[in-house]
Amino acid sequence: MFDRFGRVVLRLRFVFVAAWLVAAALFGVLAPSLSQVGSADETSFLPRDAESLAAREVIARAFPNDSAPTTALIVFSRASGLTDADRAAIEGLRSYMEGSGHPEAVERYVTAEGSPSLASMFRSADGVVELATVDISTPAFLPRTNESVDAIRAHLDGSGVLPAGLTAQVTGQAGIGRDYLQAIRDGTDRTTMVTILLVILVLLLIYRAPLAALAPLMTIGSAFLVSRGVLGFLAQQGWQLSSVLDSFIVVLVFGVGTDYTIFFISRFREELGRNDHEDAVRVTVSRISAVITASAATVIVGLTSMVAARFGMIQTTGPALALTVFITLMAGLTLTPSLLAIFGRKLFWPLHEKTRTASEAEQGFWAALARRITARPGAVAGLVLLFLIVPALALPQLKQNFDVLNELPSGAESRLGFETLSQHLAEGQLMPLTVLVQVPGAPAATFTSEGGLADVAALEKVISSLPNVQTVRSVVDPLGEGKVSDLLRPSVQLTDTAAAFRKPPNTDINVQLSDASLSGLQKTVGYIGDLESAFPSLPASSLSAAKADLGVLEAGLVEARKQALVPNQLDAIAAQLRAAAATPSTGDVAAGLAALKSYLDDLGAADPAVKSVASYQAAENAVAALSTSTNAAAFVQLLGSVVDLSNWFKAQPAAFYFSPPSATPTPEAVAAQQAMAAARGRLPGELDQLAGTFDASQLYATPDLTSAYVSADGTVARLYVTTVTNPYDTKSFETVRDLRALLATNPGGFGSAGGTAGGAATDATTAGTATDGAAGTATDGAAGTATDGAAGTAADATASDRQVAAAAAKEYVGGATAEFTDVQDTISADFLRVAAITIVGILIVLILLLRALVAPVYLVLTVLLSYAMSLSLSALILQHLFGEPGINYFIPLMVFVLLVALGSDYNIFLMSRVREESSVRELRSGIRIASARTGTVITSAGLILAGTFGALVTSPLQLLFQVGLTVALGVLIDTFVVRSLLVPAVTAFIGERAWWPFHRRGA
């Protein structure tokens, strides 16, 4: 068959060359890159039945506002401790994140200031670090997400955005994904450059002929561009492929493609010693095509076996690389022989006259080595086996590592941000776990009645007892204190609010009338109203008195804010000036100008920054001019400058309140102040009286707090679990497994009559002190408490309400760590399945090629030994020499397939030549001649393949570095130990039985 194919190649050699070059150009220009259309998110490849994906779906339905596809985490820090200005700047970024000019994919900006219930999660105890999250509408690694991360980083680096000395680092899933993808791109570019230079250098050293180096480069270059383009288009059409494939395509195509072309060129050079160049091409194609087809078949079978994996990244990577090898094979079978036919003997210019002859078969290093091996094959085989087995015994010391952060370059911003975070907060704070409890069809008060809250507290307690759990936050413990929070105790909250009203008012009017003061007061009003609804038996007199006085304070504060807001005052002055212009004044103009001058002077003293504003200066100048003479131009200037000054104040980020010291308050204002002061004086006693109607065991979750931890329909509750170790640490994965095993027992008794429905909170040990965020501060003339939380439900729901749940509870563990745990478990389960299919597939190819049963078995065993040794050596080097925590989880499976397939590649080339040579002579003589004739070419091919994979060690990404190191070691072991020593020795030792049950001479 291949003899006929050789004639076709000779006849159509120019057509093949033109077709490949045109295809390479088109795919190179038009096809998208896998770095653009591929996915670098391992979790996106999880099987659909993974629990973490189910948890993600539950979160999306139950908490739609908190189910952003990905989140960026900004780590703010100052070594000397964050200042008030720093915290104001952090909150001030909201205008950029949620304003009109924010990055397109940004949905929400969450800070400790804006969400007090998260303050303990977002702020370090030492005050050095504060976190903020940015919800992004597209998943990590996608272009829109990466563009948003880049835009946020660029904005934070902008001049004047942050106070001097405040550092901001963007990390989290979105930041890590951006840096990971950039590392892949950098690694691919670097690997491609190193690989091309290495192949050129090795080919020139081997052949010392430019055309002999050009032919392989044209072949592998065309194969690379076509295969990369085909995969790019397939990914664009919806085939989910990993972005990491780009780097693997480079080394695989350049590695195996160079091998195939070297096999052709070496045999062609040998045949030129016996034939003219066209006959040499035909014979070379007929002899080598079958060998490289079988070699490629082993690699394709091995890679295709990965389709049996359940993990999508493995499932698609194998077939994609198999397609790459097939395209490379097609280029090797058609383009390389065509180039040989075109160049002829000139291929080896200027040394084309030096072609190998048959008489050289018994000469050289490889011939001498083969003679020594075949002289004592048993001893050689024993020593080599010992050499391979002893290092492999260290394999149990191998540790797998899943730390994506450790994969990143040391200077990546997301990695630096995590390092900053881990020095001041729990490492698991980067991405906490989410525990979900779902009770389908349950009453709305399942988790928020007093009994339901007690059940949540019981669940939190058992979760907290697990190893490696740092904190647990839930509706009953939003601050992660390890106890039922005082935020849920009305007796404590009302007492704290009373104490806040007893404090002297703040003397700063901008604090008295601030948004925070009004918000705190309104939350207090809302809290009292919620308590009235949740506890109908409360004394009406206490409630009505407190509500009335709070109403006085709220109404008075709203009115005071209107009167004291500077733009309102300036607008009133402008209106008076317009009225004066329309109606001749009959009043004391001088007194009016004097009052206006006093107002401006007082305003300048209260806000010195306004003195440098042009409109303020113009207003003062106009007043001065009008004070000396009636001047129409000065009057117009005064009116315009007052309007401009009002607009300037309106444009400022914070409202400015001002009470002119020189102004005399109106009787109405005095009466309002007196009413507010009287109400403020009565409120502490009224609130204390109301607090006395509650005991410490009575719990109530406010609406804000409830909405953060319980779904709107009341059927899903969530808890946040922070691990001691970072989210990608194997200990964190064990925590996920421990959580799942624990939740399988339904420790809270949700959805069953066995729960503590209707029970009280817990014993006295659950009592605590007032916590941060529980109560706000008093304001001048209007004080309130900012109780944390958001959607409450009736605290007096009955036990029967909870027991009518029709379905049993379902528990889930979600979050990034849970997803990566599922990735690890899925890949571990895939290993044996894929390994078995790979071995069987390659064994079948070897049996068909060698037409024997014994030889294929020991050939496969030799490459398995080579794999074990290379993996063991790689682990020892990485863990003990480089100090890495372990090898990447992806490596054992990926390297197994590559090394077993590529190792069999060289065995096929050697053993097919052994069978060819021994068909006309004694077996050991055939081994010696085959080893002599293939030694240089296989060694050259092995060095190039090892070099191309070794080029991956230049990548900044640890995954590529480790794959490159391990495969390069394995290929070198295959080349210099297995192929050169072990296979010839074992074959010579076994003898004719190697070809059982078929006789070699029958071939």
Query - Ion pair Arg489/Asp496, N-O distance below 4.0 Å - result: no

Requested in this report: State, without any angle test, whether Gln169 and Thr420 hold a side-chain donor-acceptor pair at a distance under 3.5 Å.
Outcome: yes

Report summary line: d(Ser137 OG, Arg108 CZ) to nearest 0.5 Å is 13.0 Å

Query raised in the report: Taking NZ, NE, NH1 and NH2 as the nitrogens, is one of them in Arg87 or Glu91 under 4.0 Å from a carboxylate oxygen of the other?
Result: no

Query - Nearest-0.5 Å distance, NE2 of residue His424 to OG of residue Ser124 - result: 6.5 Å

Requested in this report: Side-chain contact test, heavy atoms from C-beta onward, threshold under 4.5 Å: evaluate it for Phe649 versus Val610 and give yes or no.
Outcome: yes

Query - Heavy-atom closest pair, residues Ser243 and Ile184 - result: O-CG2, 3.7 Å

Query raised in the report: Can you pull the side chain to side chain donor-acceptor pair (under 3.5 Å) pairs that have at least one residue in residues 155-164, sequence neighbours excluded?
Result: none

Query - Ion pair Lys650/Asp571, N-O distance below 4.0 Å - result: yes

Report task. Please determine if Asp477 and Lys483 form a salt bridge, counting it only when a charged side-chain N lies under 4.0 Å from a carboxylate O. Result -> no

**Report entry** Side-chain heavy atoms of Glu819 within contact of Val813, under 4.5 Å
**Finding:** no

Query raised in the report: Side chains of Asp186 and Gln182: is there a donor and an acceptor less than 3.5 Å apart?
Result: yes

Query raised in the report: For the atom pair CG (Asp822) and OG1 (Thr817), what is the distance rounded to the nearest 0.5 Å?
Result: 11.0 Å

Query raised in the report: Taking C-beta and beyond as the side chain, do Pro163 and Arg78 meet within less than 4.5 Å on heavy atoms?
Result: yes

Query raised in the report: Would a distance-only check, ignoring hydrogens and angles, find a side-chain to backbone donor-acceptor pair under 3.5 Å from Thr171 to Gly417?
Result: no

Requested in this report: Tell me, please, which residues at least two apart from Glu98 pass salt bridge (charged side-chain N to carboxylate O under 4.0 Å, His left out).
Outcome: Arg94

Requested in this report: Determine the minimum heavy-atom distance between Arg473 and Thr471, stating which atoms define it.
Outcome: NH1-OG1, 3.2 Å

Requested in this report: Check whether more than 12 heavy atoms from other residues, nucleotides or ligands sit under 6.0 Å from atom NZ of Lys461, and answer yes or no.
Outcome: no

Query raised in the report: To the nearest 0.5 Å, what is the distance between CG (Leu645) and CG (Leu570)?
Result: 5.0 Å

Query raised in the report: Does Thr524 use its side chain to pair, donor to acceptor, with the backbone of Gly520 at less than 3.5 Å?
Result: yes

Query - Heavy-atom side-chain contact between Glu460 and Leu719 under 4.5 Å - result: yes

Query raised in the report: Under 3.5 Å, is there a donor-acceptor pair between the side chain of Asp179 and the main chain of Ser414?
Result: yes

Requested in this report: Please step through side-chain contact (heavy atoms from CB on, under 4.5 Å) for the pair Thr735 and Val469, ending with a clear verdict.
Outcome: CA-CA 7 Å; Thr735 302; Val469 171; 4.0 Å; yes

Query raised in the report: Among Ile509, Val566, Asp607, which residue meets the side-chain contact (heavy atoms from CB on, under 4.5 Å) test with Phe658?
Result: Val566

Query raised in the report: Heavy atoms, side chains only, cut-off 4.5 Å: are Arg415 and Asn406 in contact?
Result: yes

Query raised in the report: Do Ser519 side-chain atoms and Asp515 backbone N/O form a donor-acceptor pair below 3.5 Å?
Result: no

Query raised in the report: How about Phe820 and Tyr728: are their ring centres within less than 6.0 Å of each other?
Result: yes

Query raised in the report: Any side-chain heavy-atom pair from Tyr700 and Asp530 closer than 4.5 angstrom?
Result: yes

Requested in this report: Kindly say whether Ala112 contributes a backbone atom to a donor-acceptor pair with the side chain of Ser115 at under 3.5 angstrom?
Outcome: no

Query raised in the report: So which of Thr70, Ile136, Thr145 actually passes side-chain contact (heavy atoms from CB on, under 4.5 Å) with Gln173?
Result: Thr70

Report task. Look only at the side chain of Arg561 and the backbone of Ser514, and say whether a donor-acceptor pair between them is shorter than 3.5 Å. Result -> yes

Report task. Examine distances only and state if a side-chain atom of Ser517 and a backbone atom of Val511 form a donor-acceptor pair shorter than 3.5 Å. Result -> yes

Query raised in the report: So, the side chain of Arg718 versus the backbone of Ala708: is there a donor-acceptor pair under 3.5 Å, distance only?
Result: yes

Query raised in the report: Does Thr723 offer a backbone N or O that forms a donor-acceptor pair with the side chain of Asn468 under 3.5 Å?
Result: no

Report summary line: On a heavy-atom basis, the closest approach of Gly714 and Phe447 is O-CD1, 3.3 Å

Requested in this report: Indicate whether any N or O donor in one side chain lies under 3.5 Å from an N or O acceptor in the other, for Glu427 and Thr725.
Outcome: no

Query raised in the report: Does Thr83 use its side chain to pair, donor to acceptor, with the backbone of Asp86 at less than 3.5 Å?
Result: yes

Query - Verdict with reasoning, Leu433 to Tyr720, per side-chain contact (heavy atoms from CB on, under 4.5 Å) - result: CA-CA 6 Å; Leu433 289 164; Tyr720 293 113; over 6 Å; no

Query - Chi angles and distances behind the side-chain contact (heavy atoms from CB on, under 4.5 Å) call for Val435, Tyr812 - result: CA-CA 6 Å; Val435 172; Tyr812 307 89; over 6 Å; no

Query raised in the report: To the nearest 0.5 Å, how far apart are CZ in Phe76 and CG in Leu82?
Result: 9.5 Å

Requested in this report: Determine whether Leu131 and Ile74 make a side-chain contact, defined as any pair of heavy atoms from C-beta on separated by less than 4.5 Å.
Outcome: no

Report task. Over all heavy atoms of both residues, which pair between Ala655 and Leu565 is shortest? Give the atoms and the distance, please. Result -> CB-CD1, 3.8 Å

Query raised in the report: Hey, mind stepping through Leu421 and Gln429 against side-chain contact (heavy atoms from CB on, under 4.5 Å) and telling me if it holds?
Result: CA-CA 8 Å; Leu421 178 153; Gln429 199 68 46; 4.2 Å; yes

Requested in this report: Would you indicate whether the side-chain heavy atoms of Tyr709 and Val476 approach each other to under 4.5 Å?
Outcome: no

Query raised in the report: Is a salt bridge present between Arg178 and Asp150, judged by a nitrogen-to-oxygen distance below 4.0 Å?
Result: yes

Report summary line: Gly92 and Ser95 have their tightest heavy-atom pair at O-OG, 2.9 Å

Query raised in the report: For the atom pair OG (Ser464) and CG (Leu459), what is the distance rounded to the nearest 0.5 Å?
Result: 9.0 Å

**Report entry** Side-chain donor-acceptor pair present, Gln563, Glu559, cut-off under 3.5 Å
**Finding:** yes

Report summary line: Smallest heavy-atom separation, Gly814 atom then Ala55 atom, equals CA-CB, 3.6 Å

Query raised in the report: Between Glu113 and Arg123, does at least one N-O distance fall below 4.0 Å, as a salt bridge requires?
Result: yes

